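Below is one structure, written out as structure tokens; the observations come after it.
For clarity, every value in this text was computed on a predicted model and none was experimentally measured.
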Amino acid sequence: MDDRLAALERAYAHAARFLESVDSRPVWPRSGIDAMTHALGGRLPREGTPSSQVVDELAAAADPGLVGISGARFFGFVIGGALPAALAADWLTSVWDQNAGLTSMSPAAAAAESVAGGWLLELLGLPSGSSVGFVTGGMMANFSCLAAARHAVLTRAGWDVAERGMAGSPRIRLLVGEDRHDTIDRAARYLGLGRENVVPVESDGEGRMLADALAPTLAEGDGPVIVCLQAGEVHTGAFDPCEPLIEIARRHDAWVHVDGAFGLWAAAAASTRHLVAGAQDADSWATDAHKTLNVPYDSGISIVRDPAWSRAAFGVVADYLIAVQDDPFERTPEFSRRARGFPVWAALKSLGADGVGALVERLCANARRMADGLHAIDGVDVVNDVVFTQVVFRCGDDDTTRELGLRVLAEGTCAVTPAAWRGHAVQRCSISSWRTSESDIDASVAAIGEIMAGMHGSRRISH
Ligand SMILES: *Cc1c(COP(=O)(O)O)cnc(C)c1O
């Protein structure tokens with residue numbers, strides 16, 4: 001048999017076994033980094049290994065160190081699963097091995113991005129004609145949008161950043177909510193904006209930027225300014241009130257960016273659309289396809305209202321390129337890259353607009369079910385207002401809360417991840433997987449309840 005097909009057949013067999021077992025194996029891995037390094041490690045062999053055998057060895061060695069992210073009861077961080085059509089399209093993406101940077105290097109990949117991009121704008125209620133870039137994730141989506149923003153606000157201030165760089169440029173103030181995601185600060189660092197120019201604006205108890213705090217902070221300075229809003233805070237799932245905030249920002253000629261890595265998808269469902277009211281009036285938006293949409297890693301989307309600004313940030317002039325207007329590389333920091341449009345196209349096609357809405361509604365309903373279940377456990381407090389897919393809880397003091405989280409991971413029914421919120425240890429549940437059913441929520445609540453009962457019973461809680 002063709003060596004390629006033999007290797008792929010082995011991969012298919014291992015994939016099938018993994019998918020059939022992922023919901024019944026412990027969600028948290030049985031092996032840590034040291035054991036995994038040992039299993040995969042050793043010296044680079046002088047001689048090669050047949051492809052099929054490599055696949056078998058990789059599958060066997062990696063298995064105990066895999067996290068059950070694609071299963072039904074992984075609730076850590078904010079991480080989606082992989083819809084069947086998107087997963088299969090992702091395999092084909094590797095088989096086809098297209099370079100999606102240039103239209104001429106893959107009309108199919110460029111068209112998939114352009115069509116899926118149009119669908120995304122429609123679903124998310126964003127202006128048609130915006131530039132849509134397919135990047136690795138929310139981090140790079142934030143970076144790409146803020147690169148366009150930097151170019152725009154400096155141009156308006158009479159400074160050509162492409163020509164002159166950042167040294168000596170007018171100072172840009174980047175106004176952010178106190179509870180923005182760390183990737184905003186990282187993007188600001190990559191862009192040379194300077195940490196001292198990242199200005200936090202006070203937020204409320206759920207992590208929403210306060211409109212009353214934005215106006216005075218804007219008025220404290222003048223010159224180029226970018227206001228960075230958030231749709232979906234990673235702990236609480238709370239949404240900045242975009243409508244009043246953008247109205248205030250407009251009075252100061254600010255560029256408004258919205259980090260909606262998972263929350264922008266609220267626009268796709270009737271019952272959550274109000275959460276992002278006004279967000280469509282921003283200048284740029286970052287979101288992920290590998291979270292709420294359940295496309296396999298990695299898949300993020302950067303959206304810029306005026307394509308001229310993303311082109312200004314990322315356009316290239318090179319005579320050897322068969323340039324057509326609006327090549328994909330003009331919208332992203334990468335040049336050669338994976339054809340991420342195929343799995344996004346497949347996810348959207350398999351769900352349809354109604355299906356995406358239903359998925360969002362189901363994730364939110366499961367989050368409420370999780371919160372109700374946790375609330376009913378003696379000693380557990382849900383500390384956030386559950387408006388979307390995120391549930392934050394604690395049980396008694398910080399040590400007990402941390403200990404509970406460790407025991408949940410060790411028990412294996414589900415995974416929640418530890419965090420700090422408003423100075424206290426908490427555990428976070430993010431209901432982001434298409435796989436999660438009501439019975440998965442109930443089984444997880446039951447497991448957490450039993451662990452709690454055991455901790456009360458033993459009285460001595462170690463940490
Ligand atoms: C997850 C997340 C990010 C970072 O996205 P990646 O896909 O991990 O790069 C940024 N902002 C918010 C609000 C997020 O939830």
Nearest heavy-atom neighbours spanning [X] and [Y]:
| X | Y | result |
| --- | --- | --- |
| V416 | L409 | O-CD2, 3.4 Å |
| P328 | L102 | CD-C, 4.2 Å |
| P333 | M140 | CG-CE, 3.6 Å |
| S310 | S131 | OG-OG, 2.9 Å |
| A249 | V256 | CB-CG2, 3.6 Å |
| R273 | A267 | NE-O, 2.8 Å |

Atom [atom1] of [X]: over 12 foreign heavy atoms under 6.0 Å:
| X | atom1 | value |
| --- | --- | --- |
| D397 | CG | yes |
| R171 | CZ | yes |
| E122 | CD | no |
| F77 | CZ | no |

Qualifying salt bridge (Lys or Arg N to Asp or Glu O under 4.0 Å) pairs, either residue in residues 137-163, two or more places apart =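 Applying salt bridge (Lys or Arg N to Asp or Glu O under 4.0 Å) to every pair that reaches into residues 137-163, excluding sequence neighbours, yields nothing.
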Answer yes when [X] and [Y] have at least one side-chain N-carboxylate O distance shorter than 4.0 Å, and no when they do not.
| X | Y | value |
| --- | --- | --- |
| R180 | D185 | yes |
| R394 | D398 | yes |
| R338 | D90 | yes |
| D179 | R422 | yes |
| R311 | D327 | no |
| E196 | R173 | no |
| R30 | D63 | yes |

Gap separating the [atom1] atom of [X] from the [atom2] atom of [Y], nearest 0.5 angstrom:
| X | Y | atom1 | atom2 | answer |
| --- | --- | --- | --- | --- |
| W434 | S350 | CH2 | OG | 9.0 Å |
| R305 | Q280 | CZ | CD | 8.5 Å |
| D288 | W265 | CG | CH2 | 9.5 Å |
| F329 | E334 | CZ | CD | 12.5 Å |
| T272 | F388 | OG1 | CZ | 5.5 Å |
| I431 | T292 | CD1 | OG1 | 12.0 Å |

Close side-chain approach of [X] to [Y], heavy-atom, < 4.5 Å:
| X | Y | value |
| --- | --- | --- |
| F314 | S144 | yes |
| K291 | S432 | no |
| D259 | L229 | no |
| V227 | L214 | yes |
| L404 | F393 | yes |
| R340 | D298 | yes |
| F262 | Q390 | yes |
| Q230 | V258 | no |

ask   = With V153, which of D283, D253, I226 fulfils side-chain contact (heavy atoms from CB on, under 4.5 Å)?
value = I226
key: D372/R369 under salt bridge (Lys or Arg N to Asp or Glu O under 4.0 Å): CA gap, chis, key distance, verdict   = CA-CA 5 Å; D372 291 345; R369 191 179 183 91; over 6 Å; no
State whether the side chain of [X] and the backbone N or O of [Y] hold a donor-acceptor pair below 3.5 Å, judged by distance alone.
| X | Y | result |
| --- | --- | --- |
| T436 | A72 | yes |
| H181 | T183 | yes |
| T413 | A447 | no |
| W345 | A109 | no |
| E113 | F134 | no |
| T332 | G133 | no |
| W285 | A261 | no |
| S299 | V295 | no |

query = For the residue pair W309 and H151, does the interplanar ring angle fall in the parallel (under 30°), tilted (30 to 60°) or perpendicular (over 60°) class?
reply = tilted
message = Determine whether L126 and L264 satisfy the following criterion, side chain to side chain contact (heavy atoms under 4.5 Å, CB included), listing intermediate values before the conclusion.
response = CA-CA 10 Å; L126 301 179; L264 214 51; 4.2 Å; yes
Verdict with reasoning, L210 to S203, per side chain to side chain contact (heavy atoms under 4.5 Å, CB included) = CA-CA 5 Å; L210 288 167; S203 52; 5.5 Å; no
ask   = Under the side-chain contact (heavy atoms from CB on, under 4.5 Å) test, which residues partner V386, sequence neighbours left out?
value = A367, R368, A371, V382, N384, V391
message = List the residues meeting side-chain contact (heavy atoms from CB on, under 4.5 Å) with I69, not counting sequence neighbours, and say none if there are none.
response = V67, F74, I79
ask   = Just checking, is any N or O donor in the side chain of H257 or N142 under 3.5 Å from an acceptor N or O on the other one?
value =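 The answer is yes; a qualifying pair exists.
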inquiry  = Assess, by modelled atom type and distance only, whether the side chains of N99 and S336 contain a donor and an acceptor separated by less than 3.5 Å.
reply    =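 Their side chains do contain a donor-acceptor pair, which is all the 3.5 Å distance test asks for.
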request  = Check the pair E403 / R407 against salt bridge (Lys or Arg N to Asp or Glu O under 4.0 Å), numbers first and verdict last.
outcome  = CA-CA 6 Å; E403 175 67 17; R407 291 192 186 196; 2.7 Å; yes
key: Steps toward side chain to side chain contact (heavy atoms under 4.5 Å, CB included) verdict (Q98, T93)   = CA-CA 7 Å; Q98 303 291 284; T93 302; over 6 Å; no
inquiry  = Determine whether the aromatic ring centres of residues F342 and W96 are separated by less than 6.0 angstrom.
reply    =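 Judged by ring-centre distance (under 6.0 Å), W96 and F342 do meet the cut-off.
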task = Could you please spell out the steps behind the side chain to side chain contact (heavy atoms under 4.5 Å, CB included) verdict for L66 and F18?
result = CA-CA 10 Å; L66 297 174; F18 179 77; 3.8 Å; yes
task = Test D440 against R435 for salt bridge (Lys or Arg N to Asp or Glu O under 4.0 Å), laying out the working first.
result = CA-CA 9 Å; D440 289 308; R435 292 282 299 159; over 6 Å; no
request  = Show your reasoning for whether salt bridge (Lys or Arg N to Asp or Glu O under 4.0 Å) applies to E178 and R208.
outcome  = CA-CA 8 Å; E178 279 178 335; R208 292 171 293 217; over 6 Å; no
